[in-house]
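One structure below.
Naming: A, B, ... by sequence-line order, numbering from 1 per chain.
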Amino acid sequence: MRWLLLKDLQILRRSPLLVALLVVYPIVVAVLIGLALSRGPEKPRVAILNQVPEGGEVISLGGEEVDTSRYSQQLYDAVDPVRVGSREEARELVRDGDVLGALIVPSDITSKLQSGLEPATVEVLYNAEDPVKAQLVRDTIKSQVQDANAALGRKFTGVALGELDLLVSGGNFSLLGRDFAVLGLGPAERILAQARASLPPSSPVRGQIQQVVDFARFARENLDLSDEVLGSVAEPIRVDARVVDGAGATALSSFAVALAVTVSLMFVTLLLAAGTLALEREENAFRRLVRGLVSRTALLGEKIGLAALCSLVVALVMLAGLALFVGLEWSRAPLWVAAAAAGALGFAAMGAAIGALAREVRAASLLAFMISLPVAFVALVPSGTVSGAVYDATRVVSALFPFDPALTALGAALDGSGGMLLPLAHLLVLTLAFGAAARLGLRRFG
Amino acid sequence: MIQTPATPGTAAVEGGAERSAPPPVLEAIGLSKRFGTRAALREVSLATHRGELVAIVGPNGAGKTTLLSILAGEARADAGTVSRPAAEIGWVPQQPALYGRLTVAENLRLFARLERCDDVAGAVDRMLAQSGLAERASDRVETLSGGNRQRVNVAIGLLSDPEVLLLDEPSTALDPRQRERLWEFLRGLVDAGTAIVYSTHQVQEAERHAHRVLVLADGEAVYSGSPRDLEETVGASGLGFEAAFVEFLRRRGH
Ligand SMILES: Nc1ncnc2c1ncn2[C@@H]1O[C@H](COP(=O)(O)OP(=O)(O)OP(=O)(O)O)[C@@H](O)[C@H]1O
Ligand SMILES: [Mg+2]
């Protein structure tokens, strides 16, 4: 069996196209995914004219100092900022296409924010030559301004609520360094009630005071409710996010890594196992071998071992490559190996079954591709995108092939989300089942 | 060149005729094989002894390959028994069974190792010399001509030095010189005691080299005996063996 293994490795080494495919394919996939994960789309180049004087970014809202440069900084981080000195310069850069847009922050923005009477305005200049890029600039600036709006809105509301509370309950109010005592509706209501009680019952003023007391109560009670109303105005839609299922679900980047590795593992292993087994038949060597030189089971074991070994190496190289782009925890490397090895064995057994079925290298490769693509797609169907019954069916189909458990195991190995034992056991069962199917296929193989 | 030696053992093939010592090294009794409705082999029996060369002849589709591959353990008979385990029998299949991407020497070495030869390198060198491919030892088999591939195919079957050797049309595709070299080699084996059963369409080859011929037609063993006896059976001793063989089949309706 050792000699057969060496023979297959030798044949592989002499199939440059296949080896190139097996080596280059996972590397290309890894690099593409790595790049996609590590770099978002290019930041748009935007000219920035900030006319707010130095130190003028701090405004005082309800006695609280708010540094508005915090919000402008977020915007600058979202773009590739080009500082300019004048409106003309900004306009020119936009016109010449040196920048995709310009943002002009007027000097009066902080005073307008401070007063809260008039909306502050920023000016945006676009070059609409490339509609896609213009859209990118618009979206970037809009989303940043909206974030700032929401944050400032909450601050304004807080201030307004404080003032309302003052109106209702009374208290001290400071303006320009001077303190004022504000009576408040509640205390006013009490004073009036006392004044009314001190009047003789026949006094006509009593009825009038009663009217004022009623009004004060009405106003107080309704203003008391208004803080909730105002709170909801500041943040009309609040996002209350909570995870319902899959506590500690696989992070997106580890998921992408697990997916890339599993897809490569699947193709490499299936092609190798199916191809090398079918090759034995195509070269007529199978009959010669099983006439007492090696048993069919040993031959099968050799093919499964060969495919699993080669693809395990490819998968680990790929993981190491991806680790350059995505922060992977090297301390978990033994778990990666376990997950990748179990997945490789599952795919190898499946590939051997395909090879035993197809009997020819070409047919085997084609069959491996044709089976693996839908298997991967079916395994990736998210719940909720199809009806419940269809989703259940996709789960059942996925459970019959190694792709889904391999993906789960690898995802768990990468970031510790969920247990690995179940998918590993699942892969072991599939390995044995596909191995048995392949062995059955070999009975009529020669 | 070398005249057919006297037939050792008995010439009995069918029906288990009584024979004195020694016992056959390979004995098959009542082998039958069907492919669907077609009977490829009908109750064919065959026994061969140490140092005996048996030729199987017959028209295309007569069942020669079917019979040999059952003896070699590649195919399973529907009925009948074979006395010897397939693993102990050397086998050269009709279709080359080689790895195209490996060189001639690598193919020989691989199979020598799988056959657990004691002296792998020695066996490889011997077979390279026998097949006359020593100077092409490091060429890949896929780059060889059809005949040279057949040489390697035969050489692999001869590696293990078995007591019984089966060859399915070994000389097909070989040039006359290599054919002669093959026969020299096989005769050497026979002299050393190996029993050889081979099929061929070269009737003269059967006449010249075989102690015994088994004629198959439509899956049936229609004759078994020495080539000379066949000529006499037909009553055409003047015509030569090939004409006698054709006449024999014609009379039987083939
Ligand atoms: N795998 C198979 N499936 C169906 N029929 C087969 C198969 N192998 C052989 N046969 C049939 O069995 C019969 C005997 O075939 P076999 O190959 O033994 O003939 P042969 O004597 O070796 O012929 P040739 O001289 O052409 O090599 C033929 O009719 C053939 O069609
Ligand atoms: Mg044949």
(request) May I ask you to name which of B:W91, B:F111, B:Y99 has the most heavy-atom pairs under 4.5 Å with chain A? (result) B:Y99
(message) For B:N107, which atoms come within 4.5 Å of any heavy atom of chain A: side chain, backbone, both, or neither?
(response) neither
(message) Just by distance, no angles: are the side chains of A:Q10 and A:R13 close enough, under 3.5 Å, to form a donor-acceptor pair?
(response) no
(request) Pick one of side chain, backbone, both or neither for B:P85, based on which atoms fall under 4.5 Å of a heavy atom in chain A. (result) neither
(request) Without swapping roles, check the side chain of B:R187 against the backbone of B:H209 for a donor-acceptor pair under 3.5 Å. (result) no
(request) Let me know if B:L110 has heavy atoms under 4.5 Å from chain A in its side chain, its backbone, both or neither. (result) side chain
(request) Could you tell me whether the side chain of B:R42 and the main chain of B:G219 form a donor-acceptor pair under 3.5 Å? (result) no
(request) Name the option with the most non-hydrogen atom pairs under 4.5 Å to chain A; the candidates are B:E106, B:E88, B:Q95. (result) B:E106
(request) Check whether B:R109 gets within reach of chain A through its side chain, its backbone, both or neither, counting any heavy atom under 4.5 Å. (result) neither
(request) Taking A:H426 for its side chain and A:A399 for its backbone only, find out whether a donor-acceptor pair lies under 3.5 Å. (result) yes
(message) Need one label for A:L6: side chain, backbone, both or neither, based on atoms under 4.5 Å from any heavy atom in chain B.
(response) neither
(request) Quick one: which of B:S69, B:G73, B:A72 has the most heavy-atom pairs under 4.5 Å with chain A, could you say? (result) B:A72
(message) With a 3.5 Å distance limit and no angle check, can you tell me whether B:E115 reaches the backbone of B:S160 through a side-chain donor-acceptor pair?
(response) no
(message) For A:R2, is there any backbone N or O sitting under 3.5 Å from a side-chain donor or acceptor partner on A:E302?
(response) no
